[in-house]
**Student:** 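The structure's right below; bear with me while I get my questions together.
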Amino acid sequence: MEYDYLVVGSGLYGAVFAHEAKDRGKSVLVVDKRPYIAGNIYTENIEGINVHKYGAHIFHTNNKNVWNYITRFAEFNRFTNSPVANYKGELYSLPFNMYTFNKMWGVVTPEEAAVKIEEQRKEITHEPQNLEEQAISLVGHDIYEKLIKGYTEKQWGRDCKDLPSFIIKRLPVRLTFDNNYFNALYQGIPVGGYTKMIANLLDGIEVRLNTDYLENKAELDALANKIVYTGPIDAYFDYKLGTLEYRSVRFENELLDKPNFQGNAAVNYTDRETPWTRIIEHKWFEFGKDENGNDLPRTIISREYSSEWKPGDEPYYPVNDAKNSALYAEYKKLADAEPKVIFGGRLGEYKYYDMDTTIEAALRMSRNELYDGKEF
């Protein structure tokens with residue numbers, strides 16, 4: 001055995017564990033099938049713009065310990081997520097706030113907005129049976145029709161009446177003019193991009209890229225005492241119980257010879273007819289400036305299209321319905337019977353993680369594995 005740990009995947013979960021193991025004096029090898037590190041938070045510098053190759057990633061957390069941890073590896077800017085909704089050319093603020101309600105109904109005071117919402121919520125007089133009824137019961141009919149229905153149906157590829165109500169347990173409704181989408185104490189984007197942040201986490205650790213673990217499993221397993229596997233759990237077991245379902249995302253990127261396309265990092269297209277769900281303009285994550293503070297003369301946009309996942313696509317969002325949850329539970333039994341392997345992260349645990357909860361989970365696992373459950 002050459003290494004104490006083989007870490008499969010150089011994304012956030014794998015990089016955090018690898019760093020902690022190295023800090024504990026363990027020998028670590030990280031492998032990744034892609035030609036670069038950072039997994040789905042990989043950012044590529046094009047024309048001075050840090051492009052989020054696998055979709056927009058905005059770091060936000062209320063966990064001070066996580067914030068203090070990750071800011072050791074990157075300086076974060078003050079970016080605040082304030083998306084805009086475009087419904088057939090009408091622009092609305094997200095999350096739903098007084099700007100939204102003023103544009104929707106012409107109301108001016110919080111009291112007027114609250115009355116209007118309450119009036120429309122009463123349309124649902126029973127326990128909501130599907131996502132449509134749940135949304136109307138929370139924010140009313142007008143907001144549902146213009147800002148939720150089309151976007152959600154594109155996101156999930158199903159009619160809102162056919163989606164379970166639990167997908168929208170609550171919707172942020174603010175009777176203030178606060179445009180901050182995330183209700184989080186800490187928020188921002190790493191200066192210089194996420195790839196630089198992951199490189200700092202992996203500093204001094206051996207990394208092999210263009211290395212498909214599952215294709216070279218026996219050879220790689222023989223190198224290490226234990227494996228931390230962050231790939232799809234069903235792929236690890238060669239899909240022998242069946243395939244877990246995901247929603248995937250396809251991106252169309254465009255470099256434009258102009259300084260400004262839409263004036264905001266994220267614009268959601270909430271009508272059903274527009275085929276993409278949103279357009280990201282990457283330069284606005286860093287205020288349209290390069291690393292030296294100069295204005296960038298060109299811009300890069302990404303149109304996002306939601307789709308059903310099929311083998312060969314990137315898996316993004318686990319479909320945590322009853323059928324898939326039951327199948328995952330069976331794979332989890334197989335995983336628990338693998339004493340040499342730790343399954344972690346969004347794909348290894350078939351669980352939707354934000355970046356902060358990914359870090360939290362990786363640190364928790366590190367503590368259990370490297371420190372016998374003791375606090376650092």
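All values below were derived from every heavy atom in this structure, side-chain atoms included, with hydrogens, water molecules and symmetry-related copies excluded. Treat the numbers as computed from the prediction; the structure is a model and nothing was measured.
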**Student:** Do Lys146 and Glu90 meet the salt-bridge criterion of a basic N to acidic O distance under 4.0 Å?
**Tutor:** yes
**Student:** Salt bridge check: are Asp4 and Lys226 linked by an N-O gap of less than 4.0 Å?
**Tutor:**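 A salt bridge is absent here (no side-chain N lies under 4.0 Å from a carboxylate O).
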**Student:** Could you tell me whether the side chain of Ser10 and the main chain of Ala38 form a donor-acceptor pair under 3.5 Å?
**Tutor:** yes
**Student:** Can you tell me if Glu112 uses its side chain to pair, donor with acceptor, with the backbone of Thr109 under 3.5 Å?
**Tutor:** yes
**Student:** Between the side chains of Asn130 and Ser165, does any donor sit under 3.5 Å from an acceptor?
**Tutor:**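 No, Ser165 and Asn130 have no side-chain donor paired with an acceptor closer than 3.5 Å.
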**Student:** Measure from the side-chain N and O atoms of Asn63 to the backbone N and O of Asn65, and report whether any donor-acceptor pair falls under 3.5 Å.
**Tutor:**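 Confirmed, Asn63 side chain pairs with Asn65 backbone.
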**Student:** Do Pro259 and Pro297 have side chains that get closer than 4.5 Å, going by heavy atoms?
**Tutor:**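 No, every pair of side-chain atoms sits at 4.5 Å or beyond.
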**Student:** Just checking, is any N or O donor in the side chain of His52 or Glu44 under 3.5 Å from an acceptor N or O on the other one?
**Tutor:**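 Not at all, the side chains of His52 and Glu44 share no donor-acceptor pair under 3.5 Å.
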**Student:** Step by step, would you call Trp309 with Thr243 a side chain to side chain contact (heavy atoms under 4.5 Å, CB included)?
**Tutor:** CA-CA 11 Å; Trp309 177 85; Thr243 304; 3.4 Å; yes
**Student:** Would you check if the distance from the ring center of Tyr246 to the ring center of Tyr316 is below 6.0 Å?
**Tutor:** no
**Student:** Heavy-atom distance under 4.5 Å between the side chains of Tyr194 and Tyr42, does that happen here?
**Tutor:** no
**Student:** Any salt bridge linking Lys310 with Asp313? Criterion: basic side-chain nitrogen under 4.0 Å from a carboxylate oxygen.
**Tutor:**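 Result for this pair is yes, salt bridge flagged.
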**Student:** Between Leu256 and Ile300, is there a side-chain heavy-atom distance shorter than 4.5 Å?
**Tutor:** no
**Student:** Would you call Leu185 and Thr61 a side-chain contact if the rule is heavy atoms closer than 4.5 Å?
**Tutor:** no
**Student:** For the backbone of Val319 and the side chain of Tyr352, can you confirm whether one donor and one acceptor N or O come within less than 3.5 Å of each other?
**Tutor:**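 Checked: no pair found.
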**Student:** Would you call Trp276 and Glu252 a side-chain contact if the rule is heavy atoms closer than 4.5 Å?
**Tutor:**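 No - every pair of side-chain heavy atoms lies 4.5 Å or more apart.
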**Student:** For the pair Thr211 and Asp32, evaluate side chain to side chain contact (heavy atoms under 4.5 Å, CB included) and give the outcome as yes or no after the intermediate values.
**Tutor:** CA-CA 5 Å; Thr211 302; Asp32 202 299; over 6 Å; no
**Student:** Verify the distance criterion only: is there a donor paired with an acceptor across the side chains of Asp271 and Thr274 at less than 3.5 Å?
**Tutor:** yes
**Student:** Keeping the roles fixed (side chain from Gln262, backbone from Ile279), state whether a donor-acceptor pair exists under 3.5 Å.
**Tutor:** yes
**Student:** Quick one: ring-ring contact (aromatic ring centres under 6.0 Å, His included) partners of Phe343, sequence neighbours excluded?
**Tutor:** Tyr229, Tyr236, Phe237
**Student:** Main chain of Leu244, side chain of Asp234: is a donor-acceptor contact present, judged purely on distance under 3.5 Å?
**Tutor:**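 Looks like yes, one N/O pair under 3.5 Å.
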**Student:** Is any NZ, NE, NH1 or NH2 atom of the basic residue among Lys283 and Glu47 found under 4.0 Å from an Asp or Glu carboxylate oxygen of the other?
**Tutor:**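 Salt bridge absent between Lys283 and Glu47.
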**Student:** I'd like to know whether OH of Tyr3 has more than 12 heavy-atom contacts from other residues, nucleotides or ligands below 6.0 angstrom.
**Tutor:** yes
**Student:** Just jot down the side-chain contact (heavy atoms from CB on, under 4.5 Å) partners of Asn268, sequence neighbours excluded, or say none.
**Tutor:** Leu94, Tyr151, Thr270, Arg278
**Student:** Any side-chain to backbone donor/acceptor pair from His57 onto Gly55? Under 3.5 Å, distance only.
**Tutor:**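 Present.
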**Student:** Could you check whether Ser306 and Arg247, counting side-chain N and O atoms only, form a donor-acceptor pair closer than 3.5 Å?
**Tutor:**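 Indeed, the side chains of Arg247 and Ser306 share at least one donor-acceptor pair under 3.5 Å.
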**Student:** For the ring pair Phe73 and Tyr69, is the centre-to-centre distance below 6.0 Å?
**Tutor:**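 Ring centres of Tyr69 and Phe73 closer than 6.0 Å.
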**Student:** Evaluate Val173 against Ile117 for side chain to side chain contact (heavy atoms under 4.5 Å, CB included), listing each step before the verdict.
**Tutor:** CA-CA 10 Å; Val173 174; Ile117 292 168; 3.9 Å; yes
**Student:** Establish, for the pair Arg250 and Tyr54, whether the NZ or CZ atom is under 6.0 angstrom from the six-membered ring centre and no further than 45 degrees off its axis.
**Tutor:** no
**Student:** Does either side chain, that of Asn200 or that of Asp203, offer a donor lying less than 3.5 Å from an acceptor on the other one?
**Tutor:** no
**Student:** Over all heavy atoms of both residues, which pair between Glu281 and Phe261 is shortest? Give the atoms and the distance, please.
**Tutor:**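 Closest heavy-atom pair between Glu281 and Phe261: OE2-N, 2.8 Å.
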**Student:** If every non-hydrogen atom of Val30 is compared with every non-hydrogen atom of Ala18, which pair is closest and at what distance?
**Tutor:**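 In this case the closest contact between Val30 and Ala18 is CG2-CB, 3.8 Å.
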**Student:** Without swapping roles, check the side chain of Glu219 against the backbone of Lys217 for a donor-acceptor pair under 3.5 Å.
**Tutor:** no
**Student:** State, with a plain yes or no, whether a side-chain heavy atom of Asn40 is found less than 4.5 Å away from one of Arg34.
**Tutor:**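 They are in side-chain contact.
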**Student:** To check you understand the geometry: which heavy-atom pair defines the closest contact between Ala21 and Tyr5, and what is its length?
**Tutor:**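 Heavy atoms only, the tightest pair is CB-CD1, 4.2 Å.
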**Student:** For a quick test of reading the model, state the closest non-hydrogen atom pair linking Asn62 to Asp356 and the distance between them.
**Tutor:**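 Here Asn62 and Asp356 meet closest at N-OD2, 4.5 Å.
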**Student:** Under 4.0 Å between a Lys/Arg side-chain N and an Asp/Glu carboxylate O for Glu369 and Arg24?
**Tutor:**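 Between Arg24 and Glu369 there is no salt bridge, as every charged N stays at least 4.0 Å from the carboxylate O atoms.
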**Student:** Is there a side-chain contact between Leu223 and Leu6 in this structure, where contact means two heavy atoms from C-beta onward sitting under 4.5 Å apart?
**Tutor:**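 No - every pair of side-chain heavy atoms lies 4.5 Å or more apart.
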**Student:** Test your reading of the model: is there a side-chain donor-acceptor pair from Ser137 to the backbone of Arg121, 3.5 Å cut-off?
**Tutor:**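 Side chain of Ser137 to backbone of Arg121: no pair is present.
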**Student:** Testing the 3.5 Å rule here: is there a donor-acceptor pair between the side chains of Asp142 and Trp105?
**Tutor:**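 On atom types as modelled, these side chains qualify, holding a pair under 3.5 Å.
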**Student:** Minimum heavy-atom separation for Phe59 to Val66, with atom names?
**Tutor:** CZ-CG1, 3.9 Å
**Student:** How about Arg208 and Asn216: does a side-chain donor come under 3.5 Å of a side-chain acceptor?
**Tutor:** no
**Student:** Salt bridge check, Glu291 against Lys196: does any charged N sit closer than 4.0 Å to a carboxylate O?
**Tutor:**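 Answer for the salt bridge query: no.
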**Student:** Evaluate the side-chain proximity of Phe17 to Leu370: yes if any heavy-atom separation is below 4.5 Å, no if none is.
**Tutor:** yes
**Student:** Answer yes or no on whether Lys149 is positioned over the face of Tyr144, meaning its NZ or CZ is under 6.0 Å from the six-membered ring centre and within 45° of the axis.
**Tutor:**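 Judged by the rule, Lys149 and Tyr144 form no cation-pi pair.
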**Student:** Does any N or O in the side chain of Gln187 come within less than 3.5 Å of the main-chain N or O of Asn81, such that one atom is a donor and the other an acceptor?
**Tutor:**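 Here the side-chain-to-backbone pair exists.
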**Student:** Taking it one step at a time, do Ser302 and Asn253 satisfy side chain to side chain donor-acceptor pair (under 3.5 Å)?
**Tutor:** CA-CA 4 Å; Ser302 298; Asn253 301 322; 2.5 Å; yes
**Student:** Around Lys33, counting heavy atoms of other residues, nucleotides and ligands shown, do more than 12 lie under 6.0 Å from its NZ?
**Tutor:** no
**Student:** Does the pair Glu245/Lys323 count as a salt bridge with the N-to-O cut at 4.0 Å?
**Tutor:** yes
**Student:** Would you kindly check if the NZ (Lys) or CZ (Arg) of Arg78 is within the cone defined by 45 degrees around the ring axis of Phe287 and under 6.0 Å from the six-membered ring centre?
**Tutor:**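 Judged by the rule (NZ or CZ under 6.0 Å from the ring centre, within 45° of its axis), Arg78 counts as positioned above Phe287.
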**Student:** Would you say Glu75 has more than 12 foreign heavy atoms packed within less than 6.0 Å of its CD?
**Tutor:**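 Result for CD/Glu75: open.
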**Student:** Between Asn179 and Ser82, do the side chains contain an N or O donor and an N or O acceptor separated by less than 3.5 Å?
**Tutor:** no
**Student:** Using side-chain contact (heavy atoms from CB on, under 4.5 Å) as the criterion, point out the one residue from Gln155, Arg303, Glu153 that pairs with Thr277.
**Tutor:**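 Exactly one option meets the side-chain contact (heavy atoms from CB on, under 4.5 Å) with Thr277, and it is Gln155.
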**Student:** Between Lys340 and Asn225, is a side chain to side chain contact (heavy atoms under 4.5 Å, CB included) present by the stated rule, with each step listed?
**Tutor:** CA-CA 7 Å; Lys340 251 189 86 167; Asn225 289 315; 5.9 Å; no
**Student:** Measure the acute angle between the ring planes of Phe285 and His282, then classify it against the limits of 30° and 60° as parallel, tilted or perpendicular.
**Tutor:**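 Rings of Phe285 and His282: perpendicular, as their planes differ by over 60°.
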**Student:** Taking the six-membered ring for Trp and the full ring for Phe, Tyr or His, determine whether the centres of Trp67 and Phe76 are under 6.0 Å apart.
**Tutor:** yes
**Student:** Closest approach of Glu286 and Val191, non-hydrogen atoms and distance?
**Tutor:**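 Here Glu286 and Val191 meet closest at OE1-CA, 4.4 Å.
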**Student:** Tell me, with the steps shown, if Arg174 and Asp178 meet salt bridge (charged side-chain N to carboxylate O under 4.0 Å, His left out).
**Tutor:** CA-CA 7 Å; Arg174 296 184 186 159; Asp178 181 5; 3.5 Å; yes
